[in-house]
Novice: 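Handing you a structure now.
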Amino acid sequence: MIDTVRKTIEQVQTGRRSLSDVGKTIAGSTGATLLVLLLMFPVYWIVTASFSQGAGLMSSEGLFADPSTYNLDAYRWVLFESNFVFEDGEVGKPGALFNSLIVVFVTVSVSLSVIIPGAYALSRRKFAGREKVLYGYVLFTQVGAGLSIATLVALYALFVNLGLSNNLLVLGLFYAAGAIPFNTWLLKTFMDNIPVSYEEAAIVDGASQWQVIREVILPLAKPGIAVVLIFTFLAGWNEFIIAQTLLQPENYTLSVELYALVDDYETPWTEFAAFAILFALPVAIIYFAAQNYVESGLSFGGMEG
Amino acid sequence: MDSLRNSLQRLDPRSGHGADEPVSREREGNRFAQLRGSDFVESIPFWLPATLLVLLFVYGAIGWNVAISFTGWSGLGQPDYTNFTLEMYRQMPADQNFRASLRNTVALLVAFTSVSLVVGLGLALLVDRKIRFENTFRTIYLLPMALSFVVTAIFWSWMYASDGLINTTLAAVGLEALAFDWLGDPRFKLAAVIFALVWQFSGYCMIVYLAGLRSIPDDHYEAARIDGASTLTLYRRVIIPQLRSSTIGATVVLMVFALKAFDFIYVMFGDNPGRSADILAVTMYRQAFSASEWAYGAAIAVVLFALALTIIGPYAYTQYKRGAL
């Protein structure tokens, strides 16, 4: 840090860097830090709440708990007594975490297994109607899948009729269907940027069609596949309202279970905060660990536009 | 982009432009052989499963939803698909709640999208100033978006509570006059929701804009500098115009998102937020799942689809025309 400062001063003195340039960098960093504090304050607050000794949150006298009372009771409650891991904390009765994992597993595995070949076909095969299929995909990327809430009445009627409403596998399948259009489009665009010459070289060397896909396309498309993996995981992990409408209590996923903690009069705030943090933790880890993948996926719509 | 695509196509041994033997043999063969050897048929196993899933769950559900909206189905029992009526759509214009929620939906759409874009652009310009720890900042800004609405809606309602964090802070700095009952007062309800949603989504806009900023070639900046452009002119004439595609992309995503800001409002207020914060998606849910007016709920969902289509349709169509797909 001090080295940087010294170097900067030197650069200014020797005229390699203008004073206003340094000023801008300082102003930018300060502004960014202030904004982080502002943005992150709610998060900081919920974290301290989860360590605090009950109540305090809704009343003006105790916005912040006394640090000397910090403890892990709430986490203990969430992990061993609530429905988070096991139902009512009874070992052996799978709880919300298991339900969420089942849904997410179905969502991710089904979507990946149809998105990768689909994206490949749309990227490399110039078949008739290809553009139209893509158009239909892109059009309903947002309208259909994004607006899944608007299909809720039909879904409910359909699933209740078929006796599938309380089924985690069907729910996962539905999330997968919703995730397909956007992610196929994303992966297709990614594959478009893999030079065809690599495949040609492999074909010249006598590789079969499948070998080309397995040994050329898949390894080169890894970053794109990682983005799809993250997005489909998030789709299944975070979704709330469809799960809430279709599932019965024994099949509640984590988001529904969290919502069930809220009570108009007596919400256990400390426990709620701890539950929310444990629920959001995997997502936060993914965002920090796979930052570039997440960002490239998010900026994709804007870049192509 | 198009030229790149064309050259790829020319290079692609399977595109049929080359003089490969299989292609010429195919041309001589009969129609059936042509069809069998075509890329279309050959590629079916690749894209069919995906398309079927989408057709069944997305298009199928939309179609069924439209059908239900014509049935007049309400209460217990099953919809009667033999007797179609437009009654549901006819009663909409007179329904005060529907009109209020339509108005709120449009207000939310416009305010949320424009404010998020402006804040996002500001953040992107800030972060683009080669600041220290840039990556950390970026991830932190983005983090709220990754959180489930159940989490964000609940803790925003704590903050907005009449003796919650916001009012306590206002009181602490001597601004008691500005401490309102944010979620109880009809004047502020929707604005409070929009503010919280902007908090959650401006990071997304920042990422989109940052990608756009980074794709502007450096010599554009230098050329403007040499021409003696001031910083303000630089932003107005060089940078902002080149962010057009980022803006369009982000706008579409945000607007469609705003249409379904359902989860947030539902978690905050339940299925009856009152006329001042009602949006179409919530009205739909209430009509269908609380009042058992299934057909009316479905009809409101159809209106939602129509709105979404008018937003995304032109966007997807221009993409299609430009060959960007």
Side-chain angles (χ1 to χ4, degrees), chain A residues 24-25 28-29 31-32 36 40 42 46 57-60 63 114 117-118 120-121 125-128 131 134-135 138-140 142-147 149-151 153-155 174 177 180-181 184 196 238 240-241 255 258-259 262 276 280 283-284 287-288 291 295 298-299 301-305, chain B residues 8 11-12 15 39-40 43 46-47 49-50 53-54 57-58 61-62 64-65 68 126 129-132 137 139-140 143 146-148 150-151 155 158 161 163 165 168 204 207-208 211-212 245-246 248-250 253 256 260 262-263 281 288 294 297-298 301 304-305 308-309 312 316 320 324-325:
Chain A
K24 272 181 201 159
T25 307
S29 303
V36 161
M40 283 299 104
I46 204 170
L57 278 164
M58 297 293 272
S59 57
S60 46
L63 275 178
V114 301
Y120 174 74
R125 306 301 181 83
K126 312 289 170 192
F127 55 84
E131 253 88 26
L134 261 175
Y135 179 58
V138 176
L139 189 61
F140 281 86
Q142 301 294 340
V143 182
L147 268 180
I149 167 78
T151 58
V153 174
L155 274 184
F174 173 73
I180 286 171
T184 309
V196 180
N238 274 343
F240 161 65
I241 192 62
S255 60
L258 178 65
Y259 182 68
V262 180
V283 179
Y287 265 58
F288 273 99
Q291 185 191 11
E295 287 184 6
L298 286 177
S299 56
M303 289 301 286
E304 273 293 294
Chain B
L8 284 178
L11 284 169
D12 189 342
S15 67
D39 259 358
F40 179 72
S43 65
F46 286 97
W47 53 262
L53 261 180
V54 175
F57 277 113
V58 181
I62 293 172
W64 196 327
N65 185 72
I68 289 176
L126 195 71
R129 292 241 50 96
K130 299 188 183 65
I131 56 168
R132 294 176 64 78
F137 280 127
T139 310
I140 291 178
L143 203 56
L147 299 176
S148 157
V150 183
V151 178
F155 72 53
W158 296 353
D163 54 359
L165 184 68
T168 314
Y204 161 76
I207 293 299
V208 174
S245 68
S246 305
I248 295 174
V253 171
V256 176
K260 59 180 185 105
F262 173 86
D263 294 36
W294 304 100
L304 259 180
F305 276 125
L309 266 177
I312 195 129
Y320 176 61
L325 295 183

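Since the structure is predicted, the reported quantities are computational estimates derived from the model, not experimental observations. Order of the sequence lines sets the chain letters (A, B, ...), proteins ahead of strands, with each chain counted from 1. Just so it is clear, the values below take in all heavy atoms, side chains as well, and ignore hydrogens, waters and symmetry mates.
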Novice: Counting heavy-atom pairs under 4.5 Å to chain A, which of B:Leu53, B:Thr139, B:Ile68 comes out on top?
Specialist: B:Thr139
Novice: Would you say the side chain of A:Phe288 lies within less than 4.5 Å of the side chain of B:Leu143, judging by non-hydrogen atoms?
Specialist: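 Heavy-atom side-chain distance check passes, below 4.5 Å.
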Novice: Pick one of side chain, backbone, both or neither for B:Ile140, based on which atoms fall under 4.5 Å of a heavy atom in chain A.
Specialist: both
Novice: Please classify the contact of A:Ile241 with chain B as side chain, backbone, both or neither, using a heavy-atom distance under 4.5 Å.
Specialist: both
Novice: Excluding sequence neighbours, so at least two apart, what forms side chain to side chain contact (heavy atoms under 4.5 Å, CB included) with B:Ala301?
Specialist: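 Side chain to side chain contact (heavy atoms under 4.5 Å, CB included) list for B:Ala301, sorted by chain: A:Ala150, B:Asn65, B:Met284.
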Novice: When you compare the side chain of B:Trp64 with that of A:Leu155, does any pair of heavy atoms fall below 4.5 Å?
Specialist: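 Sidechains of B:Trp64 and A:Leu155: no contact.
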Novice: List the residues meeting ring-ring contact (aromatic ring centres under 6.0 Å, His included) with A:Tyr259, not counting sequence neighbours, and say none if there are none.
Specialist: A:Phe240, B:Tyr266
